[in-house]
Amino acid sequence: MPVHNGDIAARFEEIADLLEIEGANAFRVRAYRNAARMLRDLPQSAASMLEDGKDLSDLPGIGEDLAGKIAEIVKTGSLSQLDALEKEVPAGLTEVVAIPGIGPKRAHALHETLDVTSLADLEQAARSGRIREVPGFGRKTEQNILHALETRGSGKTRTRLREAEEVAEALVEWLREVDGVHRATIAGSYRRRRETVGDIDILATCARDSPVVDRFVAYEDVRDIVSQGRTRSTVILKNGLQVDLRVVARVAYGAALHYFTGSKAHNIRVRRMGQDRQLKINEYGVFRGKKRVAGRTEEEVYEQVGLPWIDPVLREDRGEIEAAQKHKLPELIRLDDIRGNLHSHTKASDGTRTLAQMAAAAKARGWSYLAISDHSKAVTVANGLDAERLAEQIDAIDALNEELDGITLLKSCEVDILADGSLDLPDDILARLDLTVCAVHSHMDLSRDKQTERVLKAMDHPCFNIMAHPTGRLIGTREPYPLDIERVIEHARDTGCILELNAQPDRLDLDDGHCKMARDSGVRLSIGTDAHAEAHLDFMRYGVDQARRGWVEAADVVNTLELDKLRKALAR
DNA sequence: GCCGTTTTCGGCCCGACTGTTTTCAGTCG
């Protein structure tokens, strides 16, 4: 069983938790957390890098020590340091630290004084009124702990961007109506267009006497007020989503927007660059001594550290600072670069609209082509097409194209990749299509090797064009099936196959890291909406956002091409 | 524990809010 980066990261995070409870040096703790974050973001697997003889201490935040620990985990599946730590500190305390309001110091204190070693112990201690007796604790803290225990589990998972959008846009719109508010902007991972958000960060600038915070906590969807100050407040909405509001002066808008957009790792890099120039950078501006030298716009902040403005989607400390220093930031793809969509469905399989309706909807979005790619017969639940029905659809599309103006339907099919790597329809019918969109919909439990071989074999088929939703993941509900994505990317490059970035907000598959990896390997992408109705064509913007997070430029994406060029690009 | 046109030691981002304290520690983002 291969060790995934996430497994290593989880162990490092646990070490960080335990060390923190032990009272270890905070910077040492941070080193483990940084390493965990770096590993989760790393598109290659550390295990395979080791196999290839690479030196892991070349990775940022990994030194000799942590490189050795990664190797130990990969080799043995465990880590002796962690085993030893777990003997010293009860593992249940890591759950206690996860309770809002309890950090490592308080967990340590509760362990020392009341012998709390688990959530169950914590609850018992709180209910019996013993926590309020511990120095540094009080009645209110005890109540807060009980409240946190009761509401535990609600809203602690990350929310998909699309669901966050629905609530966040309404809330920010409401805030803009408040007296004295100049601007209200959503920052945070939402602005960076991450596929999921942990919470919503709203930044507001307003007149000094604006009641914006009072209005914020009085919003109808607020379930709990976590904190409420003059310039900052946190609430929990009825759907469990946490929203933070921060209020700053207008002169600080750019600095605050930069600060609250993050990512944390990106901000730390920028602030360090400021320190090198004797500048202090915080949410109120850029300061030399007491003098504010910048802060009204983000551009000003970056300028002070000698950088061009960096798009929020890139702010993850994944090389964007270095690229900006060299003036080599990518020219990111934009929604209006898109010329068409290569993955959509109709009533013929599991879609809900006709060919003509989908064509009209695509045209209305300014596109010049739309591929109709209904399912093939193996997906019986979706009423997949056999060769005969697909032949009928091909004829129907040819006939409809005669009538259409300004939009061309492309003949396609979402062809199932069968368990043995063969395609679900005969070659002679596939040869009549403009392109194929091939996908795995079954046997997702194959071993990593078998799954990879299955996909590679399918890509060798001369009619294979696009690998749809390559990992099969559903954000928050289904993990990617085991697949050696690095080999798939290499094979796509070698065979001229295209990888899809499926734009459905619950798929976004490929993810940002793999998009970057594909792009760096010279593999072309297709951003496909997988639309089952007209409205789903608007998912394109989620796909474009994810592509942008993966440093993708228009030239990397085949559906930015005009139709004649696309046809040439589809030739294998 | 990492890192280095201030390297092999001495730094490591910075501020708001809460609850407890009566001047500040802990937590959080």
Side-chain angles (χ1 to χ4, degrees), chain A residues 12 15-17 19-21 23-38 56-70 81 96-110 131-145 147-148 187-190 197-203 213 217 225-236 242-248 252 255-256 258-287 301 305 317 325:
Chain A
F12 282 178
I15 288 179
D17 283 344
L19 284 175
E20 217 170 14
I21 294 167
N25 179 299
F27 298 106
R28 185 178 168 216
V29 172
R30 186 189 293 172
Y32 281 97
R33 293 205 199 283
N34 285 344
R37 185 190 65 86
M38 191 280 305
L56 295 185
S57 67
D58 290 342
L59 292 169
I62 303 293
E64 291 299 316
D65 184 88
L66 289 182
K69 281 168 185 166
I70 294 172
Q81 180 200 11
V96 173
V97 169
I99 295 291
I102 300 189
K105 298 268 167 55
R106 286 182 174 159
H108 182 79
L110 291 172
I131 286 182
R132 72 184 75 157
E133 309 297 336
V134 180
F137 291 74
R139 192 174 289 269
K140 190 71 203 286
T141 303
E142 189 174 85
Q143 277 170 8
N144 287 347
I145 288 171
H147 184 69
S189 49
Y190 184 93
V197 300
D199 62 7
I200 300 285
D201 295 292
I202 299 177
L203 173 68
V213 176
V217 300
I225 301 170
V226 178
S227 71
Q228 179 183 2
R230 200 170 49 81
T231 64
R232 178 169 171 172
S233 173
T234 297
V235 300
I236 308 287
Q242 176 172 316
V243 187
D244 292 344
L245 171 70
R246 343 263 182 145
V247 184
V248 298
H258 178 257
Y259 187 94
F260 296 125
T261 295
S263 68
K264 187 171 169 179
H266 174 92
N267 285 356
I268 288 173
R269 291 287 308 276
V270 171
R271 263 175 261 145
R272 275 195 199 138
M273 292 178 71
Q275 283 185 321
D276 293 344
R277 294 157 192 252
Q278 278 74 51
L279 296 169
K280 186 174 75 168
I281 302 176
N282 59 29
E283 60 263 56
Y284 301 112
V286 180
F287 299 89
V301 175
V305 293
D317 191 20
Q325 283 170 327

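Letters A, B, ... are given to chains in the order of the sequence lines, protein chains preceding strands, and every chain is numbered from 1.
- Considering only side-chain atoms of R272(A), the nucleotide from dT20(B), dG29(B), dC12(B) that sits closest is dC12(B).
- Checking dG1(B), dG19(B), dG15(B) against the side-chain heavy atoms of K140(A) singles out dG19(B) as nearest.
- Nearer the 5' end of DNA chain B, as judged by each residue's closest nucleotide, is the contact made by Q275(A), out of T141(A) and Q275(A).
- Side-chain atoms of L66(A) lie closest to dC2(B) of the nucleotides dG29(B), dC2(B), dG15(B).
- With contacts defined as side-chain heavy-atom distances shorter than 4.5 Å, the pair Y259(A)/L203(A) does not qualify.
- Of the candidates dG15(B), dG1(B), dC17(B), the closest approach to any side-chain atom of K280(A) belongs to dG15(B).
- Once rounded to the nearest 0.5 Å, the distance linking CZ of R30(A) with CG of L19(A) reads 14.5 Å.
- Evaluation of atom-type donor-acceptor distances gives a pair under 3.5 Å for the side chain of Y259(A) against the base of dG29(B).
- When each of dT18(B), dG1(B), dG15(B) is scored by its nearest atom to the side-chain atoms of Y32(A), the top-ranked nucleotide is dG1(B).
- Pairing partner, dT27(B): dA16(B), with both Watson-Crick or wobble hydrogen-bond distances short of 3.5 Å.
- Considering only the side chain of R30(A), dC12(B) comes nearest among dC12(B), dG1(B), dC14(B).
- Residue order along DNA chain B, read from the 5' end via each residue's closest nucleotide, puts V29(A) first among G103(A) and V29(A).
- A close approach under 4.0 Å does occur between a side-chain nitrogen or oxygen of K69(A) and OP1 or OP2 of dG1(B).
- Between D276(A) and R272(A) there is no salt bridge, since no side-chain nitrogen of the basic residue lies less than 4.0 Å from a carboxylate oxygen of the acidic one.
- At whole-Å resolution of the value, CD1 in I70(A) and P in dC2(B) are 10 Å apart.
- At least one side-chain heavy atom of D17(A) sits less than 4.5 Å from a side-chain heavy atom of R33(A).
- For the pair N34(A) and dC2(B), the criterion of a side-chain N or O lying under 4.0 Å from OP1 or OP2 is not met.
- Rounded to the nearest 0.5 Å, atoms CD1 (I99(A)) and CD1 (I145(A)) are 8.5 Å apart.
- Checking dA16(B), dG26(B), dG1(B) against every side-chain atom of T231(A), the shortest atom distance belongs to dA16(B).
- Between R28(A) and the phosphate of dG1(B), there is a side-chain N or O to OP1/OP2 separation shorter than 4.0 Å.
- When distances run from any side-chain atom of Y284(A) to the nucleotides dG15(B), dG26(B), dC2(B), the shortest one goes to dG15(B).
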